[in-house]
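Naming: A, B, ... by sequence-line order, numbering from 1 per chain.
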Amino acid sequence: MAERFTTVAPDVDITFNFAGSSTLVAQLLEGAPADVVATADLVHMERLADASLLASRPAVFATNTAVIAVEKGNPFSVRTLADLARGDIKVVLCAPEVPCGTYARQILDKARVTLTPRSFEENVKAVVTKISLGEADAGIVYATDTASSAALDALDIDPALNIEAEYPVAVLKDATNGTAARAFIAFLASTEGRSILASHGFGTP
Amino acid sequence: MTRRTASRQVPRLAVAVAVVTVMFFALPLVGMAWRTPWSSAVEYLTSDRTLTALRLSLWSSMWAAMLSVAFGTPLAWLLARVDFRGRNVVRALATLSMVLPPVVGGVALFFALGRRGLVGQYLDRWFDVQLPFTTTAVVIAQAFVAMPFFVVTVEAALHQLDPRHEDAARTLGASPWMIFFRVVLPAIKPAMTAGLVLAWARALGEFGATMTFAGNFPGTTQTLPLAVYLSLESNPEEALVQSMVLVAISLAVLIGLRDRWLTRPTVTSGSQT
């Protein structure tokens, strides 16, 4: 995304800080400097809004859904959410404090599945890692995570039970380069931006 | 010591720099204490989450410390008394995890003892034992980072012992084990205590290796540092209170150790020459 943006706005130097939404929000609330922020759910963006840190109304630029992730080849023959509660498989989930953990909880509640994971990971990438390395047998991650990982297979979740994760993006009040920030957000919503997102498995609003 | 004598020993510039250094260390703690919500502290302190994490932390770090003594003492003894080929390499290996970033240690343990790990795969295949996600993994991760502290402290003390005591015992016909338990051990007891306490404190504070290798589940693998990390993202006030618990324990340890840490361990032997 940054590569394509630089062809449109060659004077802008983009630095990315990738982390779980909770970490980013915590950093921003403590005064970390940034121009643009994007989070994995609206709740975390709202925390920033409540703290009067936003300069623009958040706009949803991408959507995502959840899938059950298993190791390539699905060695444990997991089919449904109910299978996750089986005693013979090790499931890891995101911690409830982070968006993917809240989403996972919502899905499991809707499906009426009670599940005790082996570990609550601090961000979704850690869940992906544990499953890809064969330490855990299954987990609930985003569709985009399985799309980008060669070591994972994805099992679809019934759309009636699934969540639609909405990713908002906004300019921060303390942005040093507000013009470039707005240009970047506009780029995300442009046709080119949307096609890049789609190619990685994101939905677009 | 009169004030005049003190400043004669340390020039004022050095004192000034020292004051800045103290502030450097004190400032983060003061900052924490200033932001801690003391009124809601009790509520957080007695929450299920904090108590479970604290209990697990104390339990696992105690085990890690005991393992450090059991396995570290023979190693320290060997390193101090026997000049074997490759001793420096062994010593470097043993203390490596002291300088290694803890999360790297966790990654290493993961790839060695995880379900698909170098040794771990056999543990799984032959004994149906999987270490990650268990409290045992927590103890292993903690021992991995804490043991070097014990080994280094004890080896240093062994080096400082007057070898004549051991020689005398040997000429009198004592076996190596007897020499160890009757002559060496009593002499290095202060160092062993210091090493044990240091190892325990290090184990208590371990985070990176635990999170990577053992995982994070309340009651089984969520130690207090892990709980702090997660609390920080959703409820910073709770994190602060939990952090203060760790600070208080660490301070108590250091103050309790006092002289033993800062001064050289002295040889207290039964016979005086």
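Summarising the geometry, atom OG1 belonging to A/Thr23 is positioned 5.0 Å from atom OH belonging to B/Tyr229; distances are rounded to the nearest 0.5 Å. Atom CZ in B/Phe217 sits 12.0 Å away from atom CD in A/Glu121 (nearest 0.5 Å). Taking CZ of A/Phe120 as the start and CG of B/Leu226 as the end, the distance is 13.0 Å to the nearest 0.5 Å. Interatomic distance, CD of A/Glu30 versus CG of B/Leu232, reported as 8.0 Å (0.5 Å rounding).
With a threshold of 4.5 angstrom between heavy atoms, A/Leu29 does not approach chain B through any atom at all. Using a 4.5 Å cut-off between heavy atoms, B/Thr212 contacts chain A through its backbone alone, with no side-chain atom that close. In this structure, chain B has no heavy atom under 4.5 Å from any part of A/Pro96.
Annotation: B/Asp48, atom CG; neighbour count of heavy atoms from other residues, nucleotides and ligands within 6.0 Å does not exceed 12. No more than 12 heavy-atom neighbours from other residues, nucleotides or ligands sit within 6.0 angstrom of CG on A/Asp174. By the neighbour-count criterion of 12 heavy atoms within 6.0 Å, atom CZ of A/Phe76 is densely surrounded, having more than that number from other residues, nucleotides or ligands.
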Next on the checklist: Run A/Glu97 and B/Arg49 through salt bridge (Lys or Arg N to Asp or Glu O under 4.0 Å) and show every step you take.
Outcome noted: CA-CA 14 Å; A/Glu97 290 86 356; B/Arg49 168 119 146 203; 3.2 Å; yes
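The choice from A/Arg47, A/Glu135, A/Arg118 that makes the most heavy-atom pairs within less than 4.5 Å of chain B is A/Glu135. Of the residues considered (B/Pro236, B/Ser231, B/Gly215, B/Pro218), B/Gly215 shows the highest number of contacts with chain A, using heavy-atom pairs under 4.5 Å.
Across all non-hydrogen atoms, the minimal contact from A/Glu122 to B/Leu230 is CG-CD2, 4.1 Å.
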